[in-house]
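Just the heavy atoms: all of them, side chains too, but no hydrogens, waters or symmetry mates, feed the values below. Throughout, protein chains are lettered first and strands after them, A, B, ... in sequence-line order, and every chain is numbered starting at 1.
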There are 2 protein chains.
Amino acid sequence: MTRKSRPPGRGRTATISVPVAGRLHSAAIHLLRRLRQSDKASGISAPRLSALSVLVYAGPRTLGQLADTEQVRPPTMTRLVQAMEAEGYIKRIPDPHDKRVTVLQATAKARKLLDKARSLRVSTVEEMMKNLTAAEIKTLDAAAKLIEDMAKR
Amino acid sequence: MTRKSRPPGRGRTATISVPVAGRLHSAAIHLLRRLRQSDKASGISAPRLSALSVLVYAGPRTLGQLADTEQVRPPTMTRLVQAMEAEGYIKRIPDPHDKRVTVLQATAKARKLLDKARSLRVSTVEEMMKNLTAAEIKTLDAAAKLIEDMAKR
DNA sequence: CCCTATAATTTAGTTAGGCTAACTAATTAG
DNA sequence: CTAATTAGTTAGCCTAACTAAATTATAGGG
């Protein structure tokens, strides 16, 4: 589902979207307020969880790349990585072509942790959805796909 | 728009909702990741922003109540409040019935700050939505309303 | 009036995340 | 073969958020 480039003549679309953006924003805030609670149960801090999910869901990368995507300086990432390495969530793999580089890879333990955290959050959402009609669920599904698409770039 | 209590015979709704909950969860995460960036621009830390928005959007309450809702110990909240009081975001109002208690109230400056933060985030969402069709926007709007309803309890 | 409970603060200390500056080691360019 | 660049680490410092324990002041029942 790739976003089609919109040709001229889209009319009042931008104007219509303004209040919707506000409502969508509020909805996201309130949904996430709920989810944050299940997040704490994972027992890992937000910066670590964030860096680790990059490694788990987007694959291995170097420390510098990870620092860039997480928008921190390399020394900060060094420490985050050291802590998570000591806890068995990250493995360092030396780059054979460039000995200065270490590629970081999430371990099975990390994947298990994130899967657990995810399923906690997902069941919170399920619980919230349990009284919806089939049509309402369809609407949410369509919206989820649209949002993914929008967030992709 | 109050959630209607669903009578028996809703059939496979719960089963259908399972993968949708997962997709909705992912969508929310990715949307949030975007919004966190605009949040930084507000220049206030996450714990403070969170506590302050309780006061702004849910109204005044005592320090102890605020500590409870934010899930921190009273000393932690004392410090958060002291900092925000010094910056002019919170006003303390002595409780006439119980002199041990101070009721915390957000100032106009706080409201202005949160409005600014909100509009930053909303324009991020608008920007993301700018290539959607009218039908897609309608879907998002319906979903936003459903989510608000779900999150409400 | 005393005793206990409660609201908030102070005290004293920890932990985590962030930074810059200075360093080592490896790579690449002249 | 130097010189400059790049990846990552170390060291040192700062701030924010958090905690438990002790303290202060008020409330309220017996």
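- Between B/T102 and the phosphate of C/dA7, there is no side-chain N or O to OP1/OP2 separation shorter than 4.0 Å.
- The separation between A/M77 atom CE and C/dT20 atom P is 15 Å, rounded to whole Å.
- Salt bridge status for B/E87 with B/K109: absent, with no side-chain N to carboxylate O gap under 4.0 Å.
- Place A/Q71 and B/T78 on DNA chain C by their nearest nucleotides, and B/T78 ends up nearer the 5' end.
- Taking 4.0 Å as the cut-off between side-chain N and carboxylate O, B/D95 and B/K99 do not count as a salt-bridged pair.
- The side chain of B/L80 lies closest to D/dA17 when the candidates are D/dA17, D/dT26, C/dT20.
- Side-chain nitrogen and oxygen atoms of A/T76 include none within less than 4.0 Å of the OP1 or OP2 phosphate oxygen of C/dG17.
- Heavy atoms only, all atoms of each residue included: B/E126 and A/A21 are closest at CG-CB, 3.5 Å.
- Picking from C/dG17, D/dT19, C/dT10 the nucleotide with the shortest atom distance to the side chain of B/Q82 gives C/dT10.
- Between the side chain of A/R100 and the base of C/dT27, no donor-acceptor pair under 3.5 Å is found.
- Picking from C/dC19, D/dA27, C/dG17 the nucleotide with the shortest atom distance to the side chain of B/D98 gives D/dA27.
- Checked for salt-bridge contact, B/D115 and B/R111 miss the test: no charged N lies under 4.0 Å from a carboxylate O.
- Of the candidate nucleotides C/dG18, D/dG8, C/dC19, C/dC19 has the atom nearest to the side chain of A/P75.
- At the heavy-atom level, B/R48 lies under 4.0 Å from the strands shown only through sugar-phosphate atoms.
- Contact annotation for B/P74: base contact, defined as any heavy-atom pair under 4.0 Å involving a base atom.
- Rounded to an integer number of Å, the gap from CD of A/Q65 to P of D/dT6 is 15 Å.
- In this structure, CD of A/E85 is placed 13 Å from P of D/dG8, rounded to the nearest angstrom.
- Nucleotide D/dA16 holds its C1' atom 15 Å from the CG atom of B/L49, rounded to whole Å.
- Within the structure, every side-chain polar atom (N or O) of A/R79 is placed at least 4.0 Å from both OP1 and OP2 of C/dG18.
- The interatomic distance linking B/I44 (CD1) with D/dA17 (P) rounds to 9 Å, in whole Å.
- In this structure, A/K130 pairs ionically with A/E127, as a charged nitrogen and a carboxylate oxygen lie closer than 4.0 Å.
- Taking only side-chain atoms of A/V101, from C-beta outward, the nucleotide of C/dG18, D/dT19, D/dA7 with the closest atom is D/dA7.
- Contacts of B/S45 with the nucleic acid, taken as non-hydrogen atoms under 4.0 Å apart, involve only primed sugar atoms and P, OP1 or OP2.
- Rounded to whole Å, atom C1' of D/dT6 lies 13 Å from atom CG of A/L63.
- D/dC14 atom C1' lies 16 Å from atom CZ of A/R73, rounded to whole Å.
- By the 4.0 Å N-to-carboxylate-O rule, B/E85 lies too far from B/K91 to be salt-bridged with it.
- At whole-Å resolution of the value, CD1 in B/I93 and P in C/dA8 are 13 Å apart.
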